[in-house]
Amino acid sequence: MSSGVSESDLNGEIMELQKNLEGYVGFANLPNQVYRKSVKRGFEFTLMVVGESGLGKSTLINSLFLTELYSPEYPGPSHRIKKTVQVEQSKVLVKEGGVHLLLTIVDTPGFGDAVDNSNCWQPVIDYIDSKFEDYLNAESRVNRRQMPDSRVQCCLYFIAPSGHGLKPLDIEFMKRLHEKVNIIPLIAKADTMTPEECQQFKHQIMKEIQEHKIKIYEFPETDDEEEMKMVRRIKDRLPLAVVGSNTIIEVNGKRVRGRQYPWGVAEVENGEHCDFTILRNMLIRTNMQDLKDVTNNVHYENYRSRKLAAVTYNGMDNNKNKGQLTKPETSDSMSPLAQMEEERRDHVSKMKKMEQEMEQVFEMKVKEKLMKLRDSEAELQRRHEQMKKNLELQHRELEEKRRQLEEEKNTWEAQQRILEQQKLDASRTLEKNKKKKIF
Amino acid sequence: MAATDVDVFSNEEKRSLNLGGHVGFDSLPDQLVSKSVTQGFCFNILCVGETGIGKSTLMNTLFNTMFENEEASHYQNAVYLRPRTYDLLESNVHLKLTIVDTVGFGDQINKEDSYKPIVDYIDTQFENYLQEELKIKRSLFNYHDTRIHICLYFIAPTGHSLKSLDLVTMKKLDSKVNIIPIIAKADTISKTELNKFKIKIMSELVSNGVQIYQFPTDDEAVSEINASMNALLPFAVVGSVEEVKVGNKTVRARQYPWGIVQVENEIHCDFVKLREMLIRVNMEDLREQTHARHYELYRRCKLEEMGFKDTDPDSQPFSLQETYEAKRKEFLGDLQRKEEEMRQMFVNKVKETEAELKEKERELHDKFEQLKRMHQEEKRKVEEKRRDLEEEMNGFNRKKVAAETLSLSQPLKKDKDKKN
């Protein structure tokens with residue numbers, strides 16, 4: 001029992017430290033707990049079958065699941081063709097070994113059967129997208145409890161056994177859907193080809209798939225050498241050529257599913273006759289969970305990130321119109337909520353800055369105005385002082401002048417009085433003289 | 001990890017079909033298990049308890065390892081949480097174990113806020129997961145889940161009842177994390193005291209409405225054992241990493257003068273039961289409950305806080321895109337409005353101040369006018385005075401001139417007289 005312990009320091013870096021786990025702790029039981037819970041929960045799987053009518057799709061499904069999924073009461077797609085391509089689903093519940101499986105088969109009656117098949121893939125794309133949308137909405141609810149998963153987890157694409165190569169419709173369909181769903185291309189009615197013809201056909205198809213860069217479902221890599229060997233062997237036989245049958249025939253004492261021909265019986269489960277067993281093992285027994293995981297982790301996430309990026313892109317557009325800053329580089333790594341949070345923070349700091357600036361400008365203007373007023377006041381005061389001084393000066397001048405005048409007046413009047421006195425004296429003397437003369 | 005529930009489709013037509021042979025999808029659980037084993041598991045334990053109550057020792061005992069741990073002092077100012085992550089391997093199962101210790105719990109004089117750092121830590125882990133889940137480009141399948149799956153609450157072995165700190169803390173935590181209360185250092189309580197203690201604790205928890213974790217009884221495989229264990233809560237545990245020889249075996253035990261307390265002896269303590277329930281039977285259920293209940297509750301509250309709500313199930317189906325857009329519009333409108341408000345406030349302020357300044361200007365102007373008038377008045381007076389003076393001067397000059405001419409003519413007269 002190998003055991004080891006590694007410890008992470010405060011920075012969270014994991015350092016390898018070999019320690020011995022003495023005794024049995026018991027968390028090796030975790031897988032059993034997971035097993036138990038998953039059986040109790042039950043499983044579900046959504047499988048889509050696409051192909052022209054008459055390629056044996058219903059028969060193959062019945063053979064794969066060993067049950068009458070398609071029957072006279074529930075006819076297959078080839079019997080339900082309407083004017084336009086439909087996408088329809090049927091749900092069946094099957095049980096095996098205590099394991100419950102809710103199987104949803106989605107088929108496309110009318111696909112490729114019209115004269116003009118342009119856009120016949122569109123209903124299929126729309127269906128797949130609508131299932132993604134349903135899941136996205138359920139996942140995004142505030143109150144989410146049960147999340148029904150009806151996403152298409154695998155698409156079996158039936159290629160008509162023409163023997164030459166892919167038809168334009170095949171290429172067109174696969175190119176448009178390989179990034180939305182796991183595509184497993186199958187060569188239908190493989191019992192119309194000899195092994196050599198089949199080999200050539202497969203080779204041609206794979207070449208064309210690579211040429212057109214179509215990404216079909218890839219088997220996961222494993223560390224196990226044995227498993228890898230098997231995986232590689234299967235990869236060499238892609239695309240799988242299948243035969244289906246609803247009838248059981250006795251061959252060499254054994255009861256097998258097969259198709260009875262005058263020249264023999266083509267056995268469905270015979271590895272030398274066709275690749276049915278490989279398909280069943282791969283689809284159901286080993287890779288069903290992986291198909292679900294790839295759908296959930298790759299195809300759904302692609303859809304989701306494209307959908308949500310569109311939302312934030314629209315939001316960013318609005319921002320551009322308002323002249324605000326945007327950060328397109330980081331939008332991918334942030335959730336829209338985090339983005340809004342960051343925008344809010346940016347806005348708050350911007351507002352603060354704006355507020356500060358406005359305050360500054362305001363203060364400055366007020367200061368300016370006040371200073372101007374003060375200056376005017378000072379000026380006024382100065383002028384007033386000046387004028388007052390001026391007037392005082394004038395007053396004093398006048399006073400001075402008046403004083404002078406008074407002085408002059410006084411002096412003159414004094415002079416006049418003296419003159420007057422002299423005159424008086426003179427005239428009195430004259431009078432006296434006159435009087436003297438007369439006598 | 002898409003949650004699926006078979007019963008959801010009950011409103012659609014589902015046919016039950018019988019299989020005509022072995023199809024092989026019964027390997028689905030194995031496929032799922034092998035996937036999760038390859039990915040590895042994650043488990044996060046939070047240990048809440050006073051300093052020195054035996055948290056680290058119990059972890060070492062539970063996982064049979066000496067996790068490096070310095071002893072904590074009693075003089076921490078506040079409670080802080082110390083997470084440590086370890087990579088364990090048993091058989092082929094990888095377990096990324098994170099043990100979070102509450103350092104300083106119960107040491108402060110004022111313990112009112114002791115629970116806060118714990119609640120904050122738990123919320124932060126939920127928040128990190130929520131942020132990852134809401135990212136546009138996210139990788140949930142290889143996200144290191146740090147959400148706490150189990151909180152082991154260590155109760156001091158007083159033998160009487162729960163401390164009020166215990167009740168307050170557990171009440172704050174019970175809606176955020178799975179709580180399993182355990183009685184620590186159970187080798188200090190006798191059997192009878194222990195039973196009374198357990199009953200008292202459980203009744204106190206019930207009467208205070210504290211929801212502790214119940215081992216699930218809905219799966220027949222484990223319902224019996226889980227039900228019986230539920231009745232034995234809280235587990236009374238003893239931890240020890242020292243080995244003592246008992247008989248011819250070496251066991252983990254604590255050696256006292258009066259005897260040896262064996263950790264893995266079910267008569268001595270409930271350690272084995274705790275290990276059984278916590279690790280061997282219900283680990284996966286603890287992880288599920290954390291994700292499906294506690295995390296969902298946190299997420300719901302957080303989203304409602306931000307203003308998201310589900311539309312009526314009857315009306316148009318909820319579209320995430322529309323909600324985000326609506327939210328965003330609202331949010332931008334909000335920002336716009338705030339900006340406008342601020343601008344408006346400034347405009348008003350400016351108007352006010354302008355009015356004030358204008359008033360001041362006017363006053364100054366009036367003052368100026370008044371002074372001007374005063375000056376005019378003074379000037380006029382001065383002018384008057386000047387005029388008066390001038391008039392006087394003129395009068396005086398005239399007088400002078402008159403007198404002069406008179407005196408000029410007078411001497412002539414005198415001469416004339418003399419001539420006569």
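Not measured: the values here are computed from a predicted model. Order of the sequence lines fixes the chain letters, A, B, ..., with proteins taken first and strands second; residue numbering starts at 1 for each chain.
- For B:Val37, the part sitting under 4.5 Å from any heavy atom of chain A is the side chain, from C-beta outward, and nothing else.
- Few gaps surround CD on B:Glu377; more than 12 heavy atoms of other groups in view lie less than 6.0 Å from it.
- With a 4.5 Å cut-off on non-hydrogen atoms, B:Phe368 touches chain A through its backbone and its side chain both.
- Both the backbone and the side chain of B:Glu361 come within less than 4.5 Å of a heavy atom of chain A.
- The candidate with the highest count of non-hydrogen atom pairs below 4.5 Å against chain A, out of B:Val93, B:Thr38, B:Val23, is B:Val23.
- Here the side chains of B:Asp218 and A:Lys40 are in contact, with some heavy-atom distance below 4.5 Å.
- Of the listed residues (A:Leu419, A:Leu283, A:Ile248, A:Leu69), the greatest number of heavy-atom pairs within a distance under 4.5 Å of chain B belongs to A:Leu69.
- Between the CE atom in A:Met387 and the NZ atom in B:Lys372 there is a gap of 9.0 Å [rounded to 0.5 Å].
- Of all the heavy atoms in A:Ser376 and B:Leu364, the pair that sits closest is CB-CD2, 3.6 Å.
- Using a 4.5 Å heavy-atom cutoff, the side chains of B:Lys381 and A:Leu391 are not in contact.
- Salt bridge status for A:Arg144 with B:Glu133: present, with a side-chain N to carboxylate O gap under 4.0 Å.
- Neither the backbone nor the side chain of A:Lys372 comes within less than 4.5 Å of any heavy atom in chain B.
- With salt bridges taken as basic N to acidic carboxylate O contacts below 4.0 Å, one links A:Glu139 and B:Arg138.
- In this structure, B:Ser27 contributes its side chain and A:Arg285 its backbone to a donor-acceptor pair below 3.5 Å.
- Chain A forms more heavy-atom pairs under 4.5 Å with one residue of B:Glu304, B:Glu132, B:Glu392 than with any other, namely B:Glu392.
- Counting heavy atoms from C-beta outward, B:Lys349 and A:Glu359 have side chains that approach closer than 4.5 Å.
- B:Arg300 places no side-chain N or O within donor-acceptor distance of the main-chain N or O of A:Arg141, the cut-off being under 3.5 Å.
- Residues A:Gln416 and B:Lys399 are not in side-chain contact: their nearest non-hydrogen atoms beyond the backbone lie 4.5 Å or more apart.
- Of the atoms belonging to B:Ser36, it is side-chain heavy atoms, and not backbone ones, that fall under 4.5 Å from chain A.
- No hydrogens or angles considered: a donor-acceptor pair under 3.5 Å links the side chains of A:His347 and B:Glu339.
- Of the listed residues (A:Glu397, A:Arg383, A:Lys365), the greatest number of heavy-atom pairs within a distance under 4.5 Å of chain B belongs to A:Arg383.
- Looking only at heavy-atom pairs under 4.5 Å with chain B, the residue among A:Val92, A:Asn287, A:Asn281 that has the most is A:Val92.
- Here the shortest heavy-atom pairing between B:Leu19 and A:Lys95 reads CD1-O, 3.5 Å.
- In this structure, chain A has a heavy atom under 4.5 Å from the backbone of B:Leu62, while its side chain stays farther away.
- The backbone N or O of B:Ser139 lies less than 3.5 Å from no partner atom in the side chain of A:Glu301, so there is not a single donor-acceptor pair.
- Annotation: side chain of A:His384 is in contact with side chain of B:Met374 (closest heavy-atom distance under 4.5 Å).
- If you tally non-hydrogen atom pairs under 4.5 Å between each of A:His395, A:Met288, A:Met358 and chain B, the highest count goes to A:Met358.
- When all heavy atoms of B:Ile136 and A:Ser305 are compared, the pair lying nearest together is O-CB, 3.2 Å.
- Atom CG of A:Asp290 sits about 9.0 Å away from atom CD of B:Gln31, to the nearest 0.5 Å.
- Residue B:Asn282 touches chain A through its backbone alone, counting heavy-atom pairs closer than 4.5 Å.
- By number of non-hydrogen pairs under 4.5 angstrom with chain A, the leading residue of B:Glu276, B:Met345, B:Arg343 is B:Arg343.
- At a 4.5 Å heavy-atom cutoff, the contact between A:Tyr300 and chain B is made by side-chain atoms alone.
- Remark: A:Lys409 NZ is packed, more than 12 non-hydrogen atoms of other residues, nucleotides or ligands lying under 6.0 Å away.
- For B:Lys360 against A:Leu370, the heavy-atom pair with the smallest separation is NZ-CD2, 4.0 Å.
- Between B:Leu17 and A:Val94, the closest heavy-atom pair is O-CG1, 3.8 Å.
- Counting heavy-atom neighbours within 6.0 Å of A:Lys37 NZ, excluding the residue itself, gives a total above 12.
- The shortest side-chain heavy-atom distance between B:Asp285 and A:Gln33 does not fall under the 4.5 Å cut-off.
- The environment of B:Met393 atom CE is sparse: at most 12 non-hydrogen atoms of other residues, nucleotides or ligands sit within 6.0 angstrom.
- A perpendicular orientation is assigned to the rings of B:Phe346 and A:Phe362, their planes being inclined by more than 60° (bins at 30° and 60°).
- Atom CG of A:Asn29 is separated from atom CE of B:Met283 by 10.0 Å, given to the nearest 0.5 angstrom.
- Residues A:Glu377 and B:Glu363 have side chains not in contact (no heavy-atom distance under 4.5 Å, counting atoms from C-beta outward).
- Interface summary for chain B: among A:Glu355, A:Glu68, A:Glu96, the most heavy-atom pairs under 4.5 angstrom belong to A:Glu96.
- Classification of A:Glu408 and B:Lys400 as a salt-bridged pair holds, one side-chain N sitting under 4.0 Å from a carboxylate O.
- Summarising the geometry of A:Phe43 relative to B:Leu32, their closest heavy-atom pair is CE2-CD2, 4.3 Å, with the distance given to 0.1 Å.
- Between the CG atom of B:Leu389 and the CD atom of A:Gln404 there is a distance of 10.0 Å, given to the nearest 0.5 Å.
- No other option in A:Leu66, A:Val34, A:Val99, A:Asn32 has as many heavy-atom pairs under 4.5 Å with chain B as A:Leu66.
- For B:Arg386, the parts sitting under 4.5 Å from any heavy atom of chain A are the backbone and the side chain alike.
- For the pair B:Arg15 and A:Glu73, the salt-bridge criterion is not met [side-chain N within less than 4.0 Å of a carboxylate O].
- Proximity to chain B is absent for every atom of A:Gln415, based on heavy atoms less than 4.5 angstrom apart.
- A distance of 12.0 Å separates CG in A:Leu373 from NE2 in B:His365, rounded to the nearest 0.5 Å.
- Between chain A and the residues B:Lys35, B:Arg299, B:Lys367, B:Lys302, the largest count of heavy-atom pairs under 4.5 Å involves B:Arg299.
- Of the residues considered (B:Leu140, B:Val281, B:Asn18), B:Val281 shows the highest number of contacts with chain A, using heavy-atom pairs under 4.5 Å.
- Taken to the nearest 0.5 Å, the CG atom of A:Leu30 stands 11.5 Å off from the OG atom of B:Ser91.
- The candidate from B:Leu357, B:Val382, B:Leu28 with the greatest count of non-hydrogen atom pairs under 4.5 Å with chain A is B:Leu28.
- Atom CG of B:Asn142 is surrounded by more than 12 heavy atoms from other residues, nucleotides or ligands within 6.0 Å.
- Residue B:Phe396 touches chain A through its side chain alone, counting heavy-atom pairs closer than 4.5 Å.
- A salt bridge does not link A:Lys369 with B:Glu354: none of the charged nitrogens is closer than 4.0 Å to a carboxylate oxygen.
- Using a 4.5 Å cut-off on side-chain heavy atoms (C-beta onward), B:Lys385 and A:Arg402 make no contact.
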